[in-house]
Amino acid sequence: MEMDKIYTPENFESDTYKQWEEAGLFKPNYDESKESFSIALPPPNVTGSLHMGHAFQQTIMDTLIRYHRMKGDNTLWQCGTDHAGIATQMVVERKLAKEENLTRHDLGREEFINRIWKWKEQSGGTITKQMRRLGASVDWSRERFTMDEGLSKAVLEVFVRLYDEDLIYRGKRLVNWDPKLRTAISDLEVENKDVKGYMWYIKYKLADGVKTSDGKDYLLVATTRPETLLGDSAVAVNPSDERYKSVVGKFLELPLVGRKIPVVADIHADMTTGTGCVKITPAHDFNDYAVGKRCKLPMLNILTEDAHIRDEAEVFNTLGEPSDEVSSYIPEAYRGLDRFEARDKMVEDLKAQGLLDHIEDHNLSQPYGDRGGVPIEPMLTDQWYVRASVLGKPAVEAVKDGRIKFVPAQYTNMYYSWMNDLQDWCISRQLWWGHRIPAWYDDNGKVYVARNEEEVRSKYKLASDVHLTRDPDVLDTWFSSALWTFSTLGWPDNTKELKMFHPTSALVTGFDIIFFWVARMIMMTMHFMKNEDGTPQVPFKTVYVTGLIRDEEGNKMSKSKGNVLDPLDMIDGIDRDSLIAKRTANMMQPQMAEKIAKRTAKQFPDGIAPHGTDALRFTLCALASNGRDINWDMKRLDGYRNFCNKIWNASRFVLMNVSEMKLTKPNVADLSVADKFIRSKMKKAIADVTASINAFRFDQVANTIYEFIWNEYCDWYLEFTKAILKSDKATAEQKNATAYTLVEVLEAVMRLVHPVMPFLTQNIWLQTAPMIGKLNEQKTIINAAFPQESDFDEDKKAEADINFIKDVATTIRNLRAEMKVSPSVKLAPMMRGASAVEQACAQDNFAFMENLANIEMIKFVADNESLPPCTSKPLGNAEILIPMKDLVNKEEEIKRLQGMIDKLVANIKSGESKLSNEAFVSKAPAKIIEGAKAQLELNKTQLEKVQAQLNEMKNL
RNA sequence: GGAUGCUUAGCUCAGUUUGGUUAGAGCAUCUGCCUUACAAGCAGAGGGUCAUAGGUUCGAGUCCUAUAGCAUCCACCA
């Protein structure tokens with residue numbers, strides 16, 4: 001096949017993928033005699049699109065998968081998508097509002113859910129299409145969706161079983177409430193943000209004529225949330241606070257409301273903070289809730305679902321039961337106001353009544369909902385909880401005893417610290433999109449849990465005339481994804497896939513979802529999946545945690561910052577205007593659009609050039625070191641695209657020179673020293689790459705490959721082969737041996753690199769494998785064998801010989817460049833002081849040097865032989881000299897020699913001081929001392945030579 | 001407040017687990033080359049007191065202690 005001169009990946013990548021997929025090559029081999037290797041893809045949001053994080057993680061997963069598939073393992077990459085409850089519902093609601101000016105309530109639950117399914121059909125394929133472009137070799141025939149039938153069945157099963165085991169319960173407790181989305185959210189979905197605020201100091205008048213010990217008729221209470229005083233049920237002071245001891249048990253008149261509230265003693269009140277008096281609002285603050293429980297205070301909910309002031313407070317007793325122990329009165333002036341409007345109004349009124357003592361600036365960190373983006377409100381509601389503290393114990397053990405390993409290990413600590421203080425997990429959401437909770441209520445509010453209404457009736461022996469209503473809430477998205485590794489394999493049925501592929505081998509994911517997902521997956525899986533001996537089964541053996549991909553300045557990539565890079569744009573390229581349009585589309589703040597457009601135009605004046613999938617994947621691997629965040633660098637991508645081009649052209653060279661030959665397996669005797677050298681290096685490269693993949697060090701994988709291909713195979717070996725293939729002295733057998741080695745190594749390199757760069761390697765492999773009889777039946781590198789160390793032989797002698805040849809060539813090139821002699825001038829260098837072995841090597845392999853350094857001969861001269869004026873440089877214990885005739889610039893040469901002398905003198909000095917140090921000589925290992933001695937000797941020899949050369953120059 | 005990570009060349013990063021010649025790579029820079037695989041290339045060169053201060057050691061980028069700066073996570077904030 002004729003190859004283009006320039007590497008143009010867009011010409012073949014997509015077609016290649018299509019062929020693979022159509023041939024069903026991504027499926028497991030289901031061969032039970034082979035080891036199993038499986039990965040469950042962290043399910044992306046079904047309507048999402050591929051971002052750099054996905055590309056990064058999927059590249060790593062695909063590399064692992066392809067490697068194991070080539071090893072012959074029974075390999076499954078299980079894929080699928082997540083319904084992403086809140087996120088998806090929000091997108092569709094926004095669309096509905098924008099396009100039809102409707103809310104979900106206008107449509108009703110059923111119709112709204114229909115709309116979401118439609119939206120999913122319509123835009124759900126984006127990310128899976130993009131994954132294909134990335135080369136991800138997932139088994140598409142097994143694709144799952146968290147809301148599909150099988151997975152929904154698993155969710156029901158898990159919920160019902162956990163409920164029956166009392167590991168799920170329903171309770172009225174304080175939860176994080178998102179007033180914008182009007183749903184409860186879990187602790188993890190709360191983000192604390194630092195905001196500037198105020199501290200208001202409010203006077204609470206003492207009732208019944210009581211005075212404090214210092215004669216005041218009020219307590220001064222500091223708060224950052226004055227509006228919540230409508231729900232105050234006490235003011236607390238510390239039990240040992242002498243200032244307030246006398247008023248504990250007395251009553252206060254709640255400002256603006258007039259309700260009487262007690263002064264209670266509780267350790268929550270800190271004597272050193274604020275005034276020492278703290279207002280207690282049990283229904284709207286987590287600490288106050290705990291105080292309320294301890295002091296048996298009533299709880300007053302003053303807010304509606306969307307955080308407006310209620311017309312009348314909801315009053316509950318300490319147990320959370322409706323109660324009328326205190327008045328539910330809320331002053332009319334505040335009813336129906338938004339919580340922040342109410343705050344302003346109340347502060348104004350307090351001021352007017354002289355009850356506002358003063359205001360201070362105060363920085364506080366305020367909890368925000370991570371999706372809704374508004375401050376969350378602690379609210380007293382009925383919700384469903386998982387007893388995470390119980391499920392968490394075995395999950396900690398599994399990591400402690402090594403059944404699950406985090407890579408890098410430092411994430412283990414992060415995991416423990418969270419797991420050791422595990423709060424119960426609030427799993428109910430007041431949304432419509434998601435798995436509906438399988439709970440029914442009778443008219444008295446009694447709850448029944450089973451897989452469906454029919455089962456409820458039989459399970460609880462309910463008469464057919466008992467009226468049942470299903471719980472309207474749905475489950476947290478992470479509830480279904482916590483079951484991902486086993487629900488996708490067919491659980492609760494006992495499938496062969498579960499037996500073959502569970503536990504999965506590795507999980508590749510970002511640190512940001514260790515708590516959301518990884519920890520919960522471990523808990524759920526270990527509870528439901530058991531080994532044959534009944535011990536809990538873990539979901540995966542290794543968790544490889546990746547860092548975040550940031551922009552070149554280290555900022556998080558985000559739509560609002562306009563610094564997002566789409567992996568597909570790097571693969572296929574994008575022009576400047578399209579990139580700008582993409583980055584500024586649908587901006588929340590239109591004024592930002594202009595800024596972003598400007599910056600983008602400056603940074604990408606020509607848009608982004610196509611780089612191809614392989615270059616992107618290789619770059620991602622090269623950057624994947626040790627789980628730290630990555631600052632994305634376009635230059636790096638350019639560099640590795642060039643590397644692809646290098647491979648491409650090296651292959652062109654091989655094909656151009658060898659394709660006419662009929663290759664046969666050569667005899668060892670016909671191999672040149674260069675052939676032996678590259679085979680020996682190849683062996684080492686295979687060993688290194690294999691070890692690095694097993695250690696999850698993809699940066700080392702990339703570096704080893706880069707180094708071997710570019711620096712050994714291309715820079716040296718290809719040049720050596722020219723000397724043989726074009727020589728009239730080499731025999732046909734020798735030419736065959738070299739040509740065969742060229743192809744054999746290239747073919748093996750393609751297999752070595754294939755897990756990282758699937759497309760380029762397939763293309764070249766299809767052309768090289770047939771030449772040496774390695775093409776398989778299916779004509780694909782995908783299931784060709786991964787190279788093994790034993791495929792190639794080590795040859796230390798050849799490596800040493802080649803190193804000497806390289807040194808000679810490099811030294812001559814160096815002298816040529818320093819003396820500014822044109823590369824086209826043939827030189828006739830001399831060598832003085834070379835050992836017999838070196839002389840033999842140089843003579844035997846002169847053909848290689850001739851080419852590489854453009855010389856016509858090397859003359860070996862004796863130490864005392866008188867020579868014409870030369871420039872020279874030491875090489876080991878020997879010396880290379882080049883007669884310069886009138887080309888020598890005397891002053892330049894003296895300067896150069898003096899520089900070398902200075903360096904050598906410094907080295908000798910430090911070497912001598914080291915070796916004359918009694919302590920060093922007596923304590924350092926012999927090997928180190930020998931090394932230092934040898935180095936010192938070498939430096940001295942070289943100094944002598946350079947010194948002599950310098951003298952000669954000066955006398956010229 | 002608790003914890004973790006980072007600080008190495010102009011830029012982006014390896015190297016630190018297990019201390020040992022003159023600390024590496026890519027990009028960028030400088031010089032010379034269109035040499036029939038590749039100018040997305042070839043050859044050559046310059047550039048780092050490894051954040052700071054102590055300590056351990058014959059020997060520290062690597063181990064220990066402290067400090068500074070940056071980042072992240074958790075908790076708290078009347």
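Chain identifiers are assigned alphabetically (A, B, ...) following the order of the sequence lines, protein sequences preceding nucleic acid strands; residue numbering begins at 1 within each chain. Heavy atoms only: backbone and side chains are in, while hydrogens, waters and symmetry mates are out.
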Should the pair [X]-[Y] be classified as a salt bridge under the 4.0 Å nitrogen-to-oxygen rule?
X        : Y        : result
A:Lys635 : A:Glu552 : no
A:Arg294 : A:Asp266 : yes
A:Glu818 : A:Arg816 : no
A:Glu912 : A:Lys940 : yes
A:Arg697 : A:Asp699 : yes
A:Lys927 : A:Glu930 : no

Could you tell me the separation between the [atom1] atom of [X] and the [atom2] atom of [N], rounded to a whole number of Å?
X        : N     : atom1 : atom2 : value
A:Tyr713 : B:C38 : OH    : C1'   : 14 Å
A:Met634 : B:A40 : CE    : C1'   : 16 Å
A:Ile705 : B:G26 : CD1   : P     : 16 Å
A:Lys5   : B:C38 : NZ    : P     : 5 Å
A:Trp710 : B:A40 : CH2   : P     : 11 Å
A:Asp638 : B:C11 : CG    : P     : 19 Å
A:Arg550 : B:G5  : CZ    : P     : 17 Å
A:Asn555 : B:C70 : CG    : P     : 15 Å

Pairing residues for A:Asp370 by the side-chain contact (heavy atoms from CB on, under 4.5 Å) criterion, not counting sequence neighbours: A:Glu189, A:Glu191, A:Phe516

Which is true for [X] with a 4.0 Å heavy-atom rule: it touches a base, it touches only sugar-phosphate, or it touches nothing?
X        : answer
A:Ile514 : nothing
A:Lys722 : base
A:Leu548 : nothing
A:Glu719 : base
A:Ala932 : nothing
A:Lys927 : nothing
A:Asn645 : base
A:Asp715 : sugar-phosphate
A:Cys644 : nothing
A:Tyr706 : sugar-phosphate

Any donor-acceptor N/O pair, A:Asn238 side chain to A:Ala265 backbone, under 3.5 Å: no

Check: [X] ring centroid to [Y] ring centroid under 6.0 Å:
X        : Y        : value
A:Tyr198 : A:Trp200 : yes
A:Tyr218 : A:Tyr204 : no
A:Phe698 : A:Tyr544 : yes

Nearest to the [X] side chain among [options], which nucleotide is it?
X        : options             : answer
A:Phe511 : B:U72, B:A37, B:G44 : B:U72
A:Lys903 : B:C58, B:U22, B:A43 : B:U22
A:Thr810 : B:U22, B:G44, B:G26 : B:G44
A:Asn649 : B:A40, B:A37, B:C58 : B:A37
A:Pro823 : B:C33, B:U22, B:A40 : B:C33

Given RNA chain B, 5'-ward residue of the pair A:Pro925 and A:Leu364, judged by closest heavy atom: A:Pro925

Contact nearer the 5' end of RNA chain B, comparing A:Glu707 with A:Lys923: A:Glu707

N/O contacts under 3.5 Å, protein versus nucleotides 12-17 of chain B?
unit_1, atom_1, unit_2, atom_2, d
B:C13, OP1, A:Asn631, N, 3.4
B:C13, OP1, A:Asn631, ND2, 3.2
B:A14, OP1, A:Ser625, OG, 2.7
B:A14, OP1, A:Arg628, NE, 3.4
B:A14, OP2, A:Arg628, NH1, 2.9
B:A14, O5', A:Ser625, OG, 3.3
B:G15, OP1, A:Arg697, NH1, 3.2
B:G15, OP1, A:Arg697, NH2, 3.1

Parallel, tilted or perpendicular: ring planes of A:Phe643 versus A:Tyr640, cut at 30 and 60 degrees: perpendicular

Integer angstrom distance from the [atom1] of [N] to that of [M]:
N     : M     : atom1 : answer
B:U52 : B:U62 : P     : 11 Å
B:G69 : B:A51 : C1'   : 8 Å
B:U49 : B:G44 : P     : 26 Å
B:G20 : B:G26 : P     : 23 Å
B:A23 : B:U31 : C1'   : 26 Å
B:G15 : B:A9  : P     : 15 Å
B:C64 : B:G19 : C1'   : 13 Å
B:U18 : B:C13 : P     : 26 Å

Side chain A:Lys646 and base B:C38 donor-acceptor under 3.5 Å: yes

Donor-acceptor pair (no angle test) under 3.5 Å: A:Arg641 side chain, B:A40 base: yes

A:Leu356 CG to A:Leu350 CG distance, which is reported to the nearest 0.5 Å: 6.0 Å

Runs of at least three Watson-Crick or G-U pairs with RNA chain B, cut-off 3.5 Å: B:1-7 with B:68-74, B:10-13 with B:24-27, B:29-33 with B:41-45, B:51-55 with B:63-67

Phosphate OP1/OP2 of B:C76: any A:Asn192 side-chain N/O under 4.0 Å: no

